[in-house]
Amino acid sequence: MTTIIDGKAVAASITGAIKDANAELQAQTGRKTGLAVIIVGDDPASHTYVGAKSRMAKECGFFSVQHTLPKETTQQQLAGLVHRLNGDDAIHGILVQLPLPQHLDADAVIQSIRPEKDVDGLHVANAGKLATGDLESGLISCTPAGATVFVRRVHGGDLSGLNALVIGRSNLFGKPMAQLLLNANATVTIAHSRTSGLAAVCRNADIVIAAVGRPEMVKANWLKPGATVIDVGINRVPAPEKGEDRTRLVGDVDFAECAPIASVITPVPGGVGPMTIAMLMANSVIAAHRASGLKVSGQLSKLISG
Ligand code: GUN
């Protein structure tokens, strides 16, 4: 029997612990966790994601601020806002939603965020800590951290002897995901658009993590029977069966074909997606505790890092 991971339920258990941790912080210091989310322009998908992040921050009891800037915003204006938030003691986490409009230099903006407030884990200081095996003092990119919670629930914290394949090499996901798996002793392969013979590489993997942005690319005959399959893709495709101009969300894995072959699989939607937001909230409450020289509760630590 294949296990289908219920990402919503796992995320809900984590956000429950985050609410408690935030309430404890407030009782101890008089301060709530403060999260600022910046969005530039009017990409509808980005607005949907950011709205969900701001709503969840409120639900967790945080001080949640959303800065919605017009698409004509200049680099200096954006830099000025980040600079102000860097110096604001009520703000512990800053997230700049990506992608930014083309005229803006996203990397310059990300690298100008104070590493202690970089709840996306994209600053070179945080990426470097992860790359050198320091999983304690930095902040880890939210989606790979969420996918790792699933992997740990299935395989435990020690992946010795297991082959893991990450399809995708972005700074936001593929690279940090590979580092997390490597840190847990997996034998890790990173595949990408220039990889040849991907199906054969995939058939060798005990754990497959797909993050390429290609609808239903991973097929049943790519899988080793009994593999753990984590689908990070979120692709909107036409759904004529639902009516004219209707769409539906699918992952990078052909779920219907792959579910019977896998031993564990995540659905889209309702798999990794809810975990990204939960881990963003976790990073924010962790950053807020650190700002007061405190550590988050054992319960939350156990849920997110085993
Ligand atoms: N755009 C898509 N996913 C993400 C994310 O995790 N963080 C940011 N900042 N932008 C994104």
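Both counts, for ligands and for their atoms, begin at 1 and track the order of listing. These numbers come from the heavy atoms of this one structure, side chains and all, not from hydrogens, waters or symmetry mates.
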[X] side chain to [Y] main-chain N or O, any donor-acceptor pair under 3.5 Å?
{"X": "D252", "Y": "D231", "answer": "no"}
{"X": "H192", "Y": "V166", "answer": "no"}
{"X": "K32", "Y": "L25", "answer": "no"}

Atom 1 (N) of ligand 1: nearest protein contact (heavy atom, Å)
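Checking every protein heavy atom, the shortest distance to atom 1 (N) of ligand 1 gives L98 O, 2.8 Å.
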Regarding Q299 and S301, do their side chains bring together a donor and an acceptor under 3.5 Å, going by distance alone?
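Not at all, the side chains of Q299 and S301 share no donor-acceptor pair under 3.5 Å.
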Heavy-atom contacts under 4.0 Å between D120 and ligand 1: side chain, backbone, both, or neither?
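Side chain only.
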Min N/O separation [X] to ligand 1 under 3.5 Å:
{"X": "L172", "result": "no"}
{"X": "Q97", "result": "yes"}
{"X": "P99", "result": "no"}

Distance under 4.0 Å to a non-hydrogen atom of V96: what atoms of ligand 1 satisfy this?
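Going through ligand 1 atom by atom, the ones under 4.0 Å from V96 are 8 (C), 9 (N).
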Looking only at non-hydrogen atoms, find the nearest pair between I207 and V151 and report the distance.
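Closest approach of I207 to V151: CD1-CG1, 4.1 Å.
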